[in-house]
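Letters A, B, ... mirror the listed sequences (proteins, then strands); counts begin at 1. These numbers come from a predicted model, not from an experiment.
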Amino acid sequence: MNIKEQLQILMQNTDYGDATLKSNMQKELEKKLLEKRPLNIYCGYDPTAVDLTLGHIITMRKLRDFQQLGHNVTFLIGGFTGLIGDPSDKDKKRPMLTKEQLENNAKEYTRQAYKILDPSLTTIRSNDEWLEKISSKEFIQLCSHFTVAQFLERDNFSKRWNANDPIYLSEFLYALMQGYDAVQLKADVQIGGSDQLFNLMAGRILQREFNQSPQVIITLPILVGTDGKLRMSKSTGNFIGLDEEPNEMFGKIMSIPDSAVKSYFNLLTNISDDELDSLFKMVNNSEMQKIDIKKKLAEYVITEIFSMIEAHQAKEYFENTFQKRNTPSEMVEYSINDNKPEDMKLSKILHMAELPNGEKFAKSLSEVRRLIDQNAISINGNKISEDTLLNSGDEVRVGRFKFLRIVD
RNA sequence: GCAGGGGUGGGAGAGUGGUUAAAUCCAGCGGUCUGUAAAAUCGCCGACUUCGGUCUACGCAGGUUCGAAUCCUGCCCCCUGCACCA
């Protein structure tokens, strides 16, 4: 593959918000590629939550592109910076995590990341390797390369400043620490979400100070969540987890609004622009339903993360359960084996039984009552109007999509 | 340390002595409709209940009152400015 083609792949879907920056980065990348050596590529991930989401795999897919072209890819875990909490993606301060939490999260992260990245070609490191050891003197030297004004100019800081919201010094230091990672890794390229631009730039500044050639910055768009508006994130609840079951994932992808479909295709699949265009054209000519495009999207994504077979099964499950509204054959089971008679009531059981995600079918008995009042519960296909006792074999439907089977 | 502002339900934010389990908005949940989309539309959204009620809740602890989220006292926490320090 020639350099031009490589460049085309590597720069695809980047998002800089500034055309000049983009063309500069592209030129720099081209120069590096022409050196014909394996480049050092990395992307950092803060282990602040256990679950990676589809949002995270955008950068991982880009790492994989580099990987496939023979470059050295480092999956960097923000073991140290996670302690600070990145101010980038929020207008508010993040809670700090304990070291144990972070370590546990980090382990989970790598396991999940290998769904996208090739384990044999990926180096996993954590930035506490070097940030933990840095001396106060070195630290102050790092600080001296930045001014307060530079930080205050940053959009999310200036907003908070103007709103009289607190800005903690530790948050300022975040970008600095992250920039130092680039120095330590002698990075040629760093990948990140477009909200990370400031942090990635800090890397360039520091690398120059350390007489390294500054890294090329590749920023990618932020994936919106299932609500179609806000950034996908665990804390907002609009996320699709990388670790979710194919059926679940299929369903969640089906629930994104139409407006988000195109960007999902671009960011999460390898479909070409031409193919995508022709898909949408078919919809316009009514050769295809809009929902079918979305199903295709879900199939593509699940194929990549799991397998084609599982994607196909998930699609069938979806069609049977939700489109034809059949009762699924597999559902959450609840054993009443050793329950006392008074615990066999529908309300009690819904309050006890857990969904796969760990939530209860109903948070309280009051909620069950409300659901009953609202015609939301049916047993074996019949809507019920009052609390009853359940027997083994009963199939309970709660709302549209939640099912529970009673077993011995 | 000083001065000012503030702490209300998942979030935002009303309410300054009684019809307040607490307006309104957002989020969430459910019914109808549908494509687990969007839009519409109707409803729910502290807990427990033998459905008559009971209990808990407006930073914490006391107090005044027939009655407090609302008044008083003490404490805790947050923000801004100043001072101290540099």
So what does [X] hit on the nucleic acid, given a heavy-atom distance under 4.0 Å: a base, only sugar-phosphate, or nothing?
| X | result |
| --- | --- |
| A:Gly399 | sugar-phosphate |
| A:Lys383 | sugar-phosphate |
| A:Asp258 | base |

Is [Y] paired with [X] through a side-chain N to carboxylate O contact shorter than 4.0 Å?
| X | Y | value |
| --- | --- | --- |
| A:Glu359 | A:Lys402 | no |
| A:Arg204 | A:Glu28 | yes |
| A:Glu30 | A:Lys27 | no |

Say you pick atom [atom1] in [N] and the same atom in [M]; how far apart are they, in whole Å?
| N | M | atom1 | result |
| --- | --- | --- | --- |
| B:G52 | B:A57 | C1' | 23 Å |
| B:C66 | B:C77 | C1' | 34 Å |
| B:G7 | B:C58 | C1' | 10 Å |
| B:A37 | B:C51 | C1' | 40 Å |
| B:U73 | B:C79 | P | 25 Å |
| B:G1 | B:A61 | C1' | 26 Å |
| B:G67 | B:C26 | C1' | 34 Å |
| B:C71 | B:C85 | P | 39 Å |

Using heavy atoms and a sub-4.0 Å distance, could you list which residues of [range] are near RNA chain B? By number, please.
| range | result |
| --- | --- |
| residues 356-365 of chain A | A:Ser364, A:Leu365 |
| residues 313-329 of chain A | A:Phe318, A:Phe322, A:Gln323, A:Arg325 |
| residues 284-310 of chain A | A:Lys290, A:Ile291, A:Lys294 |

Can a donor-acceptor pair be found between the side chains of [X] and [Y] at a distance below 3.5 Å?
| X | Y | answer |
| --- | --- | --- |
| A:Tyr45 | A:Thr59 | yes |
| A:Asp128 | A:Ser126 | yes |
| A:Asn285 | A:Glu287 | yes |
| A:Tyr16 | A:Asn24 | no |
| A:Asn199 | A:Gln196 | yes |

(request) Tell me which nucleotide among B:G30, B:A37, B:U36 gets nearest to the side chain of A:Ala376. (result)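 Among B:G30, B:A37, B:U36, the one nearest the side chain of A:Ala376 is B:G30.
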(message) Under 4.0 Å from OP1 or OP2 of B:A37: is there any side-chain N or O of A:Ser255 that close?
(response)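 Checking A:Ser255 against B:A37: no side-chain N or O falls below 4.0 Å of OP1 or OP2.
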(message) Any side-chain N or O of A:Arg370 below 4.0 angstrom from OP1/OP2 of B:A47?
(response)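 A:Arg370 to B:A47 OP1/OP2: side-chain N or O found under 4.0 Å.
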Distance check needed: [N] [atom2] versus [X] [atom1], whole Å only.
| X | N | atom1 | atom2 | answer |
| --- | --- | --- | --- | --- |
| A:Phe401 | B:G31 | CZ | C1' | 13 Å |
| A:Arg400 | B:U34 | CZ | C1' | 8 Å |
| A:Glu367 | B:G46 | CD | P | 10 Å |
| A:Phe239 | B:A27 | CZ | P | 19 Å |
| A:Leu230 | B:A12 | CG | P | 15 Å |
| A:Lys262 | B:A37 | NZ | C1' | 17 Å |
| A:Lys229 | B:C26 | NZ | P | 10 Å |
| A:Ile384 | B:G30 | CD1 | P | 15 Å |

Cut-off 3.5 Å, no hydrogens considered: what does the side-chain donor-acceptor table look like for residues 181-192 of chain A, sequence neighbours left out?
{"from": "A:Asp181", "atom 1": "OD1", "to": "A:Trp130", "atom 2": "NE1", "distance (Å)": "2.8"}
{"from": "A:Asp181", "atom 1": "OD2", "to": "A:Asn127", "atom 2": "ND2", "distance (Å)": "3.1"}
{"from": "A:Gln184", "atom 1": "NE2", "to": "A:Tyr180", "atom 2": "OH", "distance (Å)": "3.1"}
{"from": "A:Asp188", "atom 1": "OD1", "to": "A:Lys32", "atom 2": "NZ", "distance (Å)": "3.2"}
{"from": "A:Asp188", "atom 1": "OD1", "to": "A:Arg37", "atom 2": "NH2", "distance (Å)": "2.8"}
{"from": "A:Asp188", "atom 1": "OD2", "to": "A:Arg37", "atom 2": "NH1", "distance (Å)": "3.1"}
{"from": "A:Asp188", "atom 1": "OD2", "to": "A:Asn40", "atom 2": "N", "distance (Å)": "2.8"}
{"from": "A:Gln190", "atom 1": "OE1", "to": "A:Tyr42", "atom 2": "OH", "distance (Å)": "3.3"}
{"from": "A:Gln190", "atom 1": "NE2", "to": "A:Tyr42", "atom 2": "OH", "distance (Å)": "3.0"}
{"from": "A:Gln190", "atom 1": "NE2", "to": "A:Gln215", "atom 2": "OE1", "distance (Å)": "3.4"}

(message) Taking Watson-Crick (N1-N3 plus N6-O4 or O6-N4) and G-U wobble (N1-O2, O6-N3), each under 3.5 Å, can you produce the dot-bracket string of RNA chain B? Use [ ] for crossing pairs and | for inter-strand ones.
(response) ((((((((.[[[..)..(.....]]].((((.........)))).(((....)))...[[[[[..)....]]]]])))))))....
(request) Pull up the glycosidic torsion of B:A39 and say syn or anti, syn being anything within 90° of 0. (result)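 This nucleotide is in anti.
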Check whether any side-chain N or O of [X] sits under 3.5 Å from a backbone N or O of [Y] as a donor-acceptor pair, and report yes or no.
| X | Y | answer |
| --- | --- | --- |
| A:Gln112 | A:Leu242 | no |
| A:Lys360 | A:His351 | no |
| A:Thr14 | A:Thr219 | no |
| A:Lys295 | A:Ile291 | no |
| A:Asn238 | A:Leu230 | yes |

(request) Select from A:Gly251 and A:His351 the residue whose nearest nucleotide in RNA chain B is closer to the 5' end of that strand. (result)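 It is A:Gly251, whose closest nucleotide lies nearer the 5' terminus.
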(request) Map A:Asn375 and A:Met254 onto RNA chain B by nearest heavy atom, then report which one ends up closer to the 5' terminus. (result)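 So the residue in question is A:Asn375.
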(request) Begin with the C-alpha distance, continue with both residues' side-chain angles, and end with the deciding distance and a verdict on salt bridge (Lys or Arg N to Asp or Glu O under 4.0 Å) for A:Arg370 and A:Glu367. (result) CA-CA 5 Å; A:Arg370 265 176 241 130; A:Glu367 190 175 343; 5.0 Å; no
(request) Please collect all salt bridge (charged side-chain N to carboxylate O under 4.0 Å, His left out) contacts where either partner lies in residues 376-401 of chain A, sequence neighbours excluded, each pair once. (result)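 Counting only pairs at least two positions apart or across chains, the salt bridge (charged side-chain N to carboxylate O under 4.0 Å, His left out) contacts touching residues 376-401 of chain A are A:Glu395-A:Arg405.
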